[in-house]
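Note that these values count all heavy atoms, side chains included, but never hydrogens, waters or copies made by symmetry. Only a predicted model underlies this, so the values are computations on that prediction, with no experimental measurement involved.
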Amino acid sequence: MKIFSSLAGIAVSVALANANPQLIKRATTSCTTPRGPGFCSNTANACTGGTYLAGYCPGAANIQCCVATCSTPSGGGVCETTATSCSGSFLAGYCPGPSDVQCCVAGGTTPPTGSGVLGVDLSATPPASFWTCAATEYKVVVIRGYIQGCARGGVVASNFVENYKAAKAAGIPRIDAYLFPCTGTQDTGVACKTPAAQVNEFLKAVDDNSMAIDHYWFDLEPTSTANGDACNAWNLGSAANAALAKEWVAALKATGRKWGIYANGNQWTTMFASRSTDIGSELPLWAVQADSKPGVNTVTTFMGGWTSAVAKQYRLDTTGCGASVDLDSFL
């Protein structure tokens with residue numbers, strides 16, 4: 001009788017599955033390529049943090065192998081299906097694809113080494129699930145508050161208030177914000193607003209929405225429409241760039257708030273006369289050094305008079321808690 005019941009149950013399940021394949025969820029197919037393991041997916045879906053490789057999956061031509069890396073507070077890993085073996089531990093929420101595709105981190109959940117606490121910065125609007133995860137995984141989240149907006153000479157980011165409210169509601173311990181200024185001669189012919197005007201617009205959005213921002217960051221990096229960027233930045237020549245940067249620093253300091261500068265030492269000479277050009281080393285440095293090594297104490301790339309940093313961006317354009325983020329360490 002038990003055998004008959006079991007067989008009958010199987011028959012019903014098969015019949016239902018044939019009638020409606022959505023009733024029984026299929027496990028994601030794993031794949032192996034010369035570039036490493038991955039999972040099979042429709043190329044219409046994003047392969048965040050990696051790339052699609054054709055010829056390693058069954059099915060139609062648009063079913064390809066997504067080979068992607070992932071970053072977690074426990075270290076970097078590879079996105080794989082949970083049906084495969086992992087030498088360490090699978091961690092959910094750090095990979096593209098369905099729920100059975102997770103980040104395989106070798107060595108389990110050993111916290112990363114280095115000084116400071118874990119944080120992320122982001123510019124886009126992440127899904128609601130990101131904030132729930134981020135509140136447990138990260139101590140600092142930095143959101144974009146102001147953008148180049150070269151058609152308008154600088155403008156408050158449209159998702160600034162939304163992201164702040166989501167971070168606050170989730171209980172993120174420390175919320176920072178960054179200002180990405182309009183600083184160059186634009187193809188649109190629209191002049192950038194003065195440093196004081198841009199700072200005031202940014203801080204007005206903060207104050208009007210009663211935001212409790214811990215640290216403010218000035219994003220100092222070159223961009224060029226010739227390279228596919230939306231706007232030009234710091235294209236005035238080294239002497240004029242240095243003078244403008246110092247004007248910005250004066251405007252930041254005049255607010256009386258806790259400002260720091262986000263910059264990459266390897267980009268310094270594309271904006272200023274030399275690596276030693278000092279435009280504001282009295283402000284704390286958030287150093288960009290994308291070597292995948294967490295810890296502020298691991299910063300070795302300095303410029304502009306800085307000899308130490310208070311933050312480090314150690315991995316760019318990766319996935320954290322299911323969203324596109326950069327990974328950071330903060331003191």
Side-chain angles (χ1 to χ4, degrees), residues 116-117 119-123 138-149 152-168 171-183 191-221 233-234 240-264 268 271-272 277-288 296 299 302-313 328-331:
V117 297
V120 292
D121 63 271
L122 69 161
S123 57
Y138 306 114
K139 298 297 185 182
V140 184
V141 172
V142 188
I143 56 178
R144 185 178 64 178
Y146 199 90
I147 60 174
Q148 292 171 296
R152 298 171 59 182
V155 64
V156 174
S158 60
N159 62 349
F160 181 32
V161 176
E162 178 184 357
N163 277 348
Y164 174 81
K165 288 181 177 179
K168 191 69 174 177
I172 302 297
R174 170 179 154 185
I175 305 171
D176 290 5
Y178 72 90
L179 182 158
F180 190 18
C182 181
T183 57
C192 291
K193 298 167 187 172
T194 65
Q198 293 185 63
V199 170
N200 288 339
E201 282 185 352
F202 173 47
L203 295 183
K204 185 176 187 301
V206 171
D207 295 341
D208 286 352
N209 290 280
S210 302
M211 297 185 188
I213 301 297
D214 196 288
H215 283 69
Y216 297 86
W217 299 99
F218 180 67
D219 186 341
L220 203 168
E221 60 179 299
W234 305 106
N241 282 345
L244 179 60
K246 291 177 181 179
E247 184 180 350
W248 268 103
V249 169
L252 302 178
K253 292 168 64 177
T255 67
R257 307 197 191 195
K258 293 188 292 185
W259 283 93
I261 294 180
Y262 165 98
N264 185 336
W268 208 247
M271 298 180 286
F272 308 117
T277 300
D278 188 339
I279 54 86
S281 62
E282 66 270 29
L283 295 180
L285 173 66
W286 176 4
V288 181
V296 179
V299 175
F302 294 106
M303 70 295 180
W306 284 289
T307 57
S308 63
V310 299
K312 177 187 179 182
Q313 187 180 76
D328 308 279
S329 295
F330 291 92
L331 294 180

How far apart are the C-alpha atoms of Phe330 and Arg174, what are their side-chain angles, what is the distance that settles it, and do they pass the side-chain contact (heavy atoms from CB on, under 4.5 Å) test? CA-CA 10 Å; Phe330 291 92; Arg174 170 179 154 185; 3.8 Å; yes
Over all heavy atoms of both residues, which pair between Val299 and Ala287 is shortest? Give the atoms and the distance, please. CG1-CB, 3.8 Å
What's the shortest heavy-atom distance between Lys246 and Asp278, and which atoms? CE-O, 3.5 Å
Going by heavy atoms in the side chains, are Glu201 and Tyr146 under 4.5 Å from each other? yes
Only one of Phe218, Tyr216, Trp286 clears ring-ring contact (aromatic ring centres under 6.0 Å, His included) with Trp259; which? Tyr216
Smallest separation among heavy atoms of Ala212 and Tyr164, with atom names: N-OH, 2.8 Å
Contact between Val140 and Asp328 at the side-chain level, heavy atoms closer than 4.5 Å - yes or no? no
Would you please name every residue forming a ring-ring contact (aromatic ring centres under 6.0 Å, His included) with Tyr138, sequence neighbours left out? none
Which distance, rounded to the nearest 0.5 Å, do you find between the CE of Met271 and the CD1 of Ile279? 8.0 Å
Where Pro181 and Asp219 come nearest, the two heavy atoms and their spacing: CD-O, 3.2 Å
Walk me through it: do Val249 and Ile261 pass the test side-chain contact (heavy atoms from CB on, under 4.5 Å)? CA-CA 9 Å; Val249 169; Ile261 294 180; 4.1 Å; yes
Taking the side chain as C-beta and beyond, is there a heavy-atom pair between Gln198 and Cys192 under 4.5 Å? yes
Suppose the criterion is side-chain hydrogen bond (donor to acceptor under 3.5 Å, both in side chains): which pairs have a residue in residues 302-313, not counting sequence neighbours? Asp121-Gln313, Tyr262-Gln313, Asp291-Lys312, Thr298-Lys312, Gln313-Asp326
Before you tell me yes or no, could you show the steps for Arg257 and Ile213 under side-chain contact (heavy atoms from CB on, under 4.5 Å), namely the whole-Å CA-CA distance, both residues' side-chain angles and the distance that decides it to 0.1 Å? CA-CA 10 Å; Arg257 307 197 191 195; Ile213 301 297; over 6 Å; no
Distance-minimising heavy-atom pair for Gly154 and Cys182: N-CB, 3.9 Å
Would Lys253 and Leu283 count as a side-chain contact (heavy atoms from CB on, under 4.5 Å) here? Give the steps. CA-CA 9 Å; Lys253 292 168 64 177; Leu283 295 180; 4.0 Å; yes
Does the Trp268 side chain pair with the main chain of Thr277, one donor and one acceptor, at a distance under 3.5 Å? yes
Apply the side chain to side chain contact (heavy atoms under 4.5 Å, CB included) test between Ile143 and each candidate in Val120, Ile172, Leu122; give the one that qualifies. Leu122
Minimum heavy-atom distance between Lys139 and Pro173, given as atom pair plus value: O-CB, 3.6 Å
Side chain to side chain, Tyr178 and Ser123, heavy atoms closer than 4.5 Å: yes
Between Thr183 and Trp234 (side chain of the first, backbone of the second, donor and acceptor by atom type, cut-off under 3.5 Å), is there such a pair? yes
Evaluate the side-chain proximity of Phe160 to Met211: yes if any heavy-atom separation is below 4.5 Å, no if none is. yes
Can you tell me if Glu221 uses its side chain to pair, donor with acceptor, with the backbone of Asn264 under 3.5 Å? no
Short side-chain to backbone donor-acceptor contact, Asn200 and Phe202, under 3.5 Å: no
Could you check if a side-chain atom of Val310 sits within less than 4.5 angstrom of a side-chain atom of Val296, using non-hydrogen atoms only? no
Gap separating the CZ atom of Arg144 from the CG atom of Asn163, nearest 0.5 angstrom: 9.0 Å
With a 4.5 Å cut-off on side-chain heavy atoms, are Asp176 and Val141 touching? no
Phe302 side chain near Leu285 side chain, heavy-atom distance below 4.5 Å: yes
